[in-house]
Amino acid sequence: MTNPRVQGRCLHQLVDVLALLLCSALAGCYDLLEICDYGRAQLAFLRTELGLPFANGIPSEDTLERLPQRLNPKELEQTLRARAGSLARRQLCVNGKENRATTPAGQLRASESTTVVLPKS
């Protein structure tokens, strides 16, 4: 996928930001603050389970707002469709069930977890 940002001036890899946006959407995050909270709470998961470096931590709300606006929607759709095929018959852990009484101080939502098995396409 084409990265619309100026190379050398980016703190976060494109794949990191896109994966964060996708995972947070699946987790039911509705705004940028929730996405940032989700990212900070799930940073270890994103790094270990998904293999994403997040070398500079979670992107700011400004970055999460700007980047999607600059992406080519058709190219994003094609990329997601191509990648989704490789997930067939694999277990994909996403958030969805709230674990009661596990909300860190200052966080709006509880940590969540559930497992989804994607059907073969």
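The shown structure was predicted, so the numbers you read here are calculated from the model rather than taken from an experiment.
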Task: Sidechain-backbone polar pair: Q13 side chain, F54 backbone, donor-acceptor under 3.5 Å - done: no
Open item on the list: Main chain of P4, side chain of R70: is a donor-acceptor contact present, judged purely on distance under 3.5 Å?
Closed with: yes
- [ ] Determine whether L33 and D37 make a side-chain contact, defined as any pair of heavy atoms from C-beta on separated by less than 4.5 Å.
- [x] yes
- [ ] Find out whether P73 and E77 are in side-chain contact, i.e. whether some heavy atom of one side chain is under 4.5 Å from a heavy atom of the other.
- [x] no
Open item on the list: Using 0.5 Å steps for rounding, measure from the CD atom of E49 to the CD atom of Q42.
Closed with: 10.5 Å
Task: Where L14 and R5 come nearest, the two heavy atoms and their spacing - done: N-NH2, 3.1 Å
Open item on the list: Is there a continuous path of hydrophobic side-chain contacts, each under 4.5 Å between heavy atoms, that joins L20 to L11?
Closed with: no
- [ ] Decide whether L71 and V15 are clustered together by the hydrophobic rule: side chain heavy atoms of Ile, Leu, Val, Met, Phe, Trp, Tyr closer than 4.5 Å, transitively.
- [x] yes
TODO: Report yes or no: do L64 and L76 belong to one cluster of Ile/Leu/Val/Met/Phe/Trp/Tyr joined by side chain heavy-atom distances under 4.5 Å?
DONE: yes
Task: Any donor-acceptor N or O pair under 3.5 Å, side chains S24, E34 - done: no
- [ ] Kindly indicate whether the side chain of L46, heavy atoms from C-beta on, has any atom under 4.5 Å from the side chain of D16.
- [x] no
Open item on the list: If we ignore hydrogens and angles and just use 3.5 Å, is the side chain of T63 paired with the main-chain N or O of P59 as donor and acceptor?
Closed with: no
Task: Nearest-0.5 Å distance, OH of residue Y38 to CD1 of residue I58 - done: 9.5 Å
Open item on the list: Between N56 and H12 (side chain of the first, backbone of the second, donor and acceptor by atom type, cut-off under 3.5 Å), is there such a pair?
Closed with: no
Task: Side-chain heavy-atom pair V17, P68 within 4.5 angstrom cut-off - done: no
Task: Trace of the side-chain contact (heavy atoms from CB on, under 4.5 Å) decision for L32 with S60 - done: CA-CA 9 Å; L32 297 172; S60 69; over 6 Å; no
